[in-house]
Trainee: 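Quick one: this structure, given as structure tokens, is what I'll be asking you about.
Proteins get letters first, then strands, A, B, ... in listed order; numbering begins at 1 in each.
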Protein chains: 2
Amino acid sequence: MDGATQQTAAGRRSRRRPSMADVAAMAGVSSQTVSRVANNRSNVEEETRQRVLSAMRVLGYRPNAAARALVTDQFRTLGLISFGLGNFGNARTVDSITRAAQRAGYTVNMLAIESQTEQAVHEAFGQLTMQAVDGIVLIEAQILDTPALRLPSGVPVVLADGDVSHRHPMVDTDQALGARLVTRHLLDLGHETVWHVAGPEDSYAARRRAESWHATLKEAGAPIPRMLFGDWSAASGYAAGRVLAEQPGVTAVFAANDQMALGVMRAFIQAGRRIPEDVSIAGFDDLDESAYFSPPLTTVRQDFDVLAERIVSLMLDQIRGGTAPSATAPIAPHLIIRESTAAPPD
Amino acid sequence: MDGATQQTAAGRRSRRRPSMADVAAMAGVSSQTVSRVANNRSNVEEETRQRVLSAMRVLGYRPNAAARALVTDQFRTLGLISFGLGNFGNARTVDSITRAAQRAGYTVNMLAIESQTEQAVHEAFGQLTMQAVDGIVLIEAQILDTPALRLPSGVPVVLADGDVSHRHPMVDTDQALGARLVTRHLLDLGHETVWHVAGPEDSYAARRRAESWHATLKEAGAPIPRMLFGDWSAASGYAAGRVLAEQPGVTAVFAANDQMALGVMRAFIQAGRRIPEDVSIAGFDDLDESAYFSPPLTTVRQDFDVLAERIVSLMLDQIRGGTAPSATAPIAPHLIIRESTAAPPD
DNA sequence: TCTCCACATGTTTACGCAAACACATGATCC
DNA sequence: GGATCATGTGTTTGCGTAAACATGTGGAGA
């Protein structure tokens, strides 16, 4: 009986991951010295260090992240709330943020939300603050300043491409400029006006692109066609494209992202309209793939890396300094002209 | 002087995030009762619970993840090592894993590695084990069993679409079956043989697709053309496509993923060859977008959700049970025939 | 009526680490 | 040659939480 108990205890003990104390015992030093070696402080004699290091190796020691974080009060992890990686623009953004964070020695803890409801954002936020993160990045969240959704304080937050908030630092792409560039480009080509397939109504980026398209047309005195809505997917672009392809007057379409532009192109081609001879199509994002569409897509290039760089540095400022950094100017995108746009047929 | 010190101390105290002790003091209960409320245990009187809850609200209390993890020994976070989200197939996989993990109450902590070198994988692994994770998922890592790269034990690991390992559970898509399906499809259409644009040489998935393509041709007694290599990107597919478009005999091409297939299609179209009348092109992955290429792409659909579901459940088995689960059968992909493939010209 | 038990709550402890402090030892300076 | 200092190491402590154990209360069952 006693033997069995012993064995169980031994089993349990050996299953337990080794701690500093175990390493210390084996190396014949204090656990504090082990700590010094683990954090490679300079004030440890070389011979001692080697002894500790080899004890670590033998025991397979790994520092316990929880204990360390409890003392240092940091995890070197950023929380990230986004709408999932299905949307390529999102995926690119998240990719860039991950890399930027990594360069700063941080990893990224992801949480995807399905919908843009206050409820969903709030829940995600709650879950993430209970997670081991030092700060939270919110992508494309536009409903933060509603009274119902008060983001809990005490956690550094950075907003990217979302609604204006006076309570948190933000980073933004100049969506308006991008939309203006494409719209003008199409108008300058000689098109009487430009149709628009917008992103979902609850997306802030989509709204700003649409507003700017509208303003640009108005400035130019061009007629303003009714806007169509998609959900960023190629399928929704295709659906919108079919509607547009039935209207004979359509000669230029600006889709709010490249995926939808792809769908729009497909619909027109299927309807027997040539691009760009019969109709010009432009997108937004400039995915790596867009240059290989048939025809290659005229679009607006976003600099995801710069965006990510800024997000991370704003985050680190808050984590380290505690100061609220000033807002930075929005990042300017630029127009990439390819073969999907041309002068209208006469 | 004393006043200043006082103030500083007070400032510091107030800046500190409130702990259970603070909530307990305000609610006039012990901190253990606060803990019970926080974990909503049943054995707390309703009136007490409300008192604690409101104290939490007033103080803006959030549980400290580090302290909690130190005691419970779990973070409810999975580490994930992949090659970045630039590749859409990867992005889809990561997206599915994130969602599957979320359903199980876990978040995903990402780390992207640039290259498939032992060094990079090893470093990523090291960094992640020091992070606050309960287990680590490795996607497409094929060099794990080299003697130099011994994954540290003590951390649950699951391998996805990677090299065979006898030390860790794995989940796999049946790459060979997928490649066989497309190749056979093209052969059955009447093509004399099928060219192949493979993924990078160091990718296990790419290698298996290529091997299966080769075997299928051999079985059918078809001539085996020299294989071209890409890096999964549309640009590399385009480069390969230009080479192929110069060879007049090419009537059918199987690209190892949809992005490269897009590039190949572009190259052929640019060379004045019609798809599928002059040449058939097929891909692998079935991105949502592939149905909207011009023409829509014949490809192999991978079920990323099932893959993710299995990965996560294998992970949880290890975390909870500690048992090494048996290997599951590879996930069968299936062929999606669209308009990019047809009988060869006569 | 007394015992026993369910229930609400409090007290003590351990988790693993790093900061703060203490203490030797030997070199360096006037 | 004693004061001063840098260097390597050990000891003590506290971070915030949840488990384990302890206590007190009231009601059910004999």
Side-chain angles (χ1 to χ4, degrees), chain A residues 9 12-13 15-53 55-56 59-76 129-134 154-155, chain B residues 9 12-13 15-53 55-56 59-76 129-134 154-155:
Chain A
R12 202 180 296 130
R13 196 181 313 124
R15 208 178 325 285
R16 209 196 82 233
R17 278 175 56 180
S19 73
M20 283 195 163
D22 301 315
V23 176
M26 170 172 258
V29 297
S30 75
S31 67
Q32 183 57 221
T33 297
V34 177
S35 169
R36 284 192 261 256
V37 172
N39 294 291
N40 59 100
R41 297 268 195 279
S42 54
N43 53 343
V44 179
E45 205 170 353
E46 188 50 29
E47 193 238 310
T48 312
R49 173 189 305 281
Q50 289 308 329
R51 202 142 36 88
V52 172
L53 249 23
M56 282 179 173
L59 259 29
Y61 171 76
R62 312 243 127 217
N64 179 310
R68 174 173 282 181
L70 182 57
V71 176
T72 61
D73 202 37
Q74 60 166 332
F75 287 102
R76 305 195 74 79
T129 52
M130 304 228 303
Q131 232 41 45
V133 300
D134 300 316
V155 187
Chain B
R12 202 179 296 128
R13 197 181 312 123
R15 207 177 326 283
R16 210 195 82 232
R17 279 176 56 179
S19 72
M20 284 194 162
D22 300 315
V23 176
M26 170 172 258
V29 297
S30 75
S31 67
Q32 183 56 218
T33 298
V34 178
S35 168
R36 285 192 261 255
V37 173
N39 294 292
N40 60 101
R41 296 267 195 278
S42 56
N43 52 345
V44 178
E45 204 170 354
E46 188 50 30
E47 192 239 309
T48 310
R49 173 189 306 281
Q50 289 307 330
R51 204 144 32 88
V52 171
L53 249 23
M56 283 180 172
L59 259 27
Y61 170 76
R62 313 241 127 218
N64 179 312
R68 174 172 282 182
L70 181 58
V71 177
T72 62
D73 203 36
Q74 59 166 331
F75 289 101
R76 304 196 74 78
T129 52
M130 304 229 301
Q131 234 37 46
V133 299
D134 300 316
V155 186

Trainee: Would you call B:Glu47 and B:Arg51 a salt bridge, taking side-chain N to carboxylate O under 4.0 Å as the test?
Mentor: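 Yes, this pair counts.
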
Trainee: Would you say that B:Arg49 contacts B:Thr33 through its side chain, given a criterion of any heavy-atom pair below 4.5 Å between the two side chains?
Mentor: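 Sidechains of B:Thr33 and B:Arg49: no contact.
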
Trainee: Please state how far atom CG in B:Leu59 lies from atom P in D:dG16, giving the value in whole angstrom units.
Mentor: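 Rounded to whole Å, this separation is 13 Å.
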
Trainee: Contact class for B:Ser19 vs. all strands (heavy atom < 4.0 Å): base, sugar-phosphate, or nothing?
Mentor: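 It contacts sugar-phosphate atoms only.
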
Trainee: Within the side chain of A:Gln50, is there an N or O that forms a donor-acceptor pair under 3.5 Å with the backbone of A:Glu45?
Mentor: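 No, because the side chain of A:Gln50 does not come within donor-acceptor range (under 3.5 Å) of the backbone of A:Glu45.
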
Trainee: Identify, residue by residue, the members of residues 67-75 of chain A with a heavy atom below 4.0 Å from DNA chain D, and return them in order of residue number, or none.
Mentor: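 Here the set is A:Leu70, A:Val71.
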
Trainee: Please, which pairs that meet salt bridge (Lys or Arg N to Asp or Glu O under 4.0 Å) have at least one residue in residues 23-41 of chain A, sequence neighbours excluded?
Mentor: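 Sorted pair list comes back empty.
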
Trainee: Do you know which two heavy atoms are closest between B:Val52 and B:Val23, and how far apart they sit?
Mentor: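 Closest pair (atom of B:Val52, atom of B:Val23, distance): O-CG1, 4.0 Å.
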
Trainee: Going by heavy atoms in the side chains, are A:Met20 and A:Tyr61 under 4.5 Å from each other?
Mentor: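 The answer is yes; the side chains approach within 4.5 Å.
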
Trainee: Report yes or no: does B:Asp134 contribute a side-chain atom to a donor-acceptor pair with the main-chain N or O of B:Phe75 at less than 3.5 Å?
Mentor: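 Side chain of B:Asp134 to backbone of B:Phe75: a pair is present.
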
Trainee: Kindly say whether B:Arg68 contributes a backbone atom to a donor-acceptor pair with the side chain of B:Thr72 at under 3.5 angstrom?
Mentor: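 Yes, B:Thr72 side chain to B:Arg68 backbone: donor-acceptor pair under 3.5 Å.
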
Trainee: Go along nucleotides 6-11 of chain C 5' to 3' and tag each nucleotide: B for a protein heavy atom under 4.0 Å from its base, S when only backbone or sugar atoms are that close, - otherwise.
Mentor: --SBBB

Trainee: Report yes if a side-chain nitrogen or oxygen of A:Arg62 is closer than 4.0 Å to either non-bridging phosphate oxygen (OP1 or OP2) of C:dC17; otherwise report no.
Mentor: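 Answer no for this pair, as no side-chain N or O of A:Arg62 is under 4.0 Å from OP1 or OP2.
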
Trainee: Please check the phosphate of C:dC15 (OP1 and OP2 only) for any side-chain N or O of A:Asn64 closer than 4.0 Å.
Mentor: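 Indeed not, no polar side-chain atom of A:Asn64 lies that close.
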
Trainee: Figure out the CZ/C1' separation between A:Arg41 and C:dA20, and round it to whole Å.
Mentor: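 About 12 Å, once rounded to whole Å.
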
Trainee: Between P on C:dA18 and CE on B:Met130, what's the gap in Å once rounded to a whole number?
Mentor: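 Rounded to whole Å, this separation is 9 Å.
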
